[in-house]
Amino acid sequence: MAPVVNATVETARRALAVQLQSAGNDSAELDARLLVGAALGLDLTGMVTAAKRTLTQDEADRLEDLARRRLAGEPVARILGIKEFWGLPLHLTAATLVPRPDTETVVERALELLCADGAAERALRIADLGTGSGAILLALLSELPNAHGFGTDISAEALQTASRNAAELGLSQRATWIACDYGSALTGAFDLIVSNPPYIPSADIAGLDIEVRAHDPRAALDGGADGLDAYRALISQSAGLMTSGGFLVVEVGQGQSGDVEALMTASGLSPTGPPKADLGGVPRAVSARRLPR
């Protein structure tokens, strides 16, 4: 980005939006507003109030640095270190995925199943396998006031991030964080297990958008040769950790729902209907139940 000379807050925002749009950014206006706000420490109201104020040299330098990172393909959420999910602001680190709207489909399906079963007000035990930033688990805890959640991850840094998010959302007393591979260290029975595991086939990662392949942790993306390695591990583990009548809900990639349902069935679980599609129409949330005996 060219140095900003004698620019006002508004002209700097507009100039950055034009640059981002010219670079093919389809959210140029929003990104420009967020980056200018971050560089100047202003929220939307502050930016409107200060629209005609000239940037200081320090502000211009900070904005130039943020703009350079965005133009190089770094996601705004990575630059800001925070992303909203289910209306909740979540801190991010290099060890966590950027939570995406598609993943809210998992939360929606889980809540639908619990509500239909009359279980939403019960003292539920929930496990989120491979929790990352804690996005799915914390969204569920925010909706289920009597539930207690257990988030697992092999990354200590991810668990520290999830713990920080829980604390800032006032959910720490109902969230426990455990370092392990999916459900391998969990004990007891869970009413609901959720997961957004790595599901990209290894050979496909190089072709992903730069925002994903260069900035999301590879361990959270790479699902092995066919993209199903994580499901093979976590579904078999989950089947042994679920209460009678408990639910399992997982996020899947495009074209994977049938294979994941087959793995669930092979582990003795019963699919709970067709996968729930995300806003793009892609079958995204696959769910199953351990039938009461």
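In plain terms, the two heavy atoms of Pro89 and Leu169 that are nearest each other are CD-CD2, 4.0 Å. Nearest heavy atom pair, residue Ala288 against residue Met264, reads CB-SD, 3.5 Å. Shortest non-hydrogen contact noted between Gln237 and Ser184 is OE1-N, 3.6 Å. Of all heavy-atom pairs spanning Leu228 and Asp259, the tightest one is CD1-CB, 3.8 Å. For Arg69 against Ile79, the heavy-atom pair with the smallest separation is NH2-CA, 3.6 Å. Scanning all heavy atoms of the two residues, the minimum distance from Leu186 to Ala127 falls at CD1-CB, 3.9 Å.
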Would Arg33 and Glu29 count as a salt bridge (charged side-chain N to carboxylate O under 4.0 Å, His left out) if you check the C-alpha gap in whole Å, the side-chain angles of each, and the deciding distance to 0.1 Å? CA-CA 6 Å; Arg33 177 171 64 79; Glu29 289 288 343; over 6 Å; no
Give the C-alpha distance, both sets of side-chain angles, the deciding distance and a yes or no for side-chain contact (heavy atoms from CB on, under 4.5 Å) between Ile126 and Leu144. CA-CA 10 Å; Ile126 302 171; Leu144 302 166; 3.7 Å; yes
What's the verdict on side-chain contact (heavy atoms from CB on, under 4.5 Å) for Val249 and Leu113, showing C-alpha distance, side-chain angles and the deciding distance? CA-CA 10 Å; Val249 186; Leu113 292 170; 3.9 Å; yes
Dump the intermediate steps for side-chain contact (heavy atoms from CB on, under 4.5 Å) on Leu208 and Asp204, then the final yes or no. CA-CA 7 Å; Leu208 296 175; Asp204 293 351; 5.6 Å; no
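Remark: the backbone N or O of Asp65 is not paired with any side-chain donor or acceptor of Arg70 at under 3.5 angstrom. Asn165 contributes a side-chain N or O that, together with a main-chain N or O of His91, makes up a donor-acceptor pair within less than 3.5 Å. With hydrogens and angles disregarded, no donor-acceptor distance shorter than 3.5 Å links the side chain of Arg122 to the backbone of Leu114.
Donor-acceptor pairing under 3.5 Å is lacking for the side chains of Thr161 and Thr96.
The closest side-chain heavy-atom distance from Arg13 to Leu40 is not below 4.5 Å.
Relative orientation of the Tyr199 and Tyr231 rings is parallel, given thresholds of 30° and 60° on the angle between their planes.
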Please tabulate, for side-chain N and O atoms in residues 131-142, each donor-acceptor pair with protein atoms closer than 3.5 Å (sequence neighbours left out).
residue	atom	partner	partner atom	Å
Thr131	OG1	Asp128	OD2	2.9
Ser142	OG	Ala139	O	2.6

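Only one option out of Glu104, Glu143, Glu108 pairs with Trp86 in a side-chain hydrogen bond (donor to acceptor under 3.5 Å, both in side chains); it is Glu143. Among the candidates Arg100, Arg109, Arg284, the single residue satisfying the side-chain contact (heavy atoms from CB on, under 4.5 Å) test with Glu251 is Arg284.
Taking CG from Leu192 and OG1 from Thr243, the interatomic distance works out to 9.0 Å, rounded to the nearest 0.5 Å.
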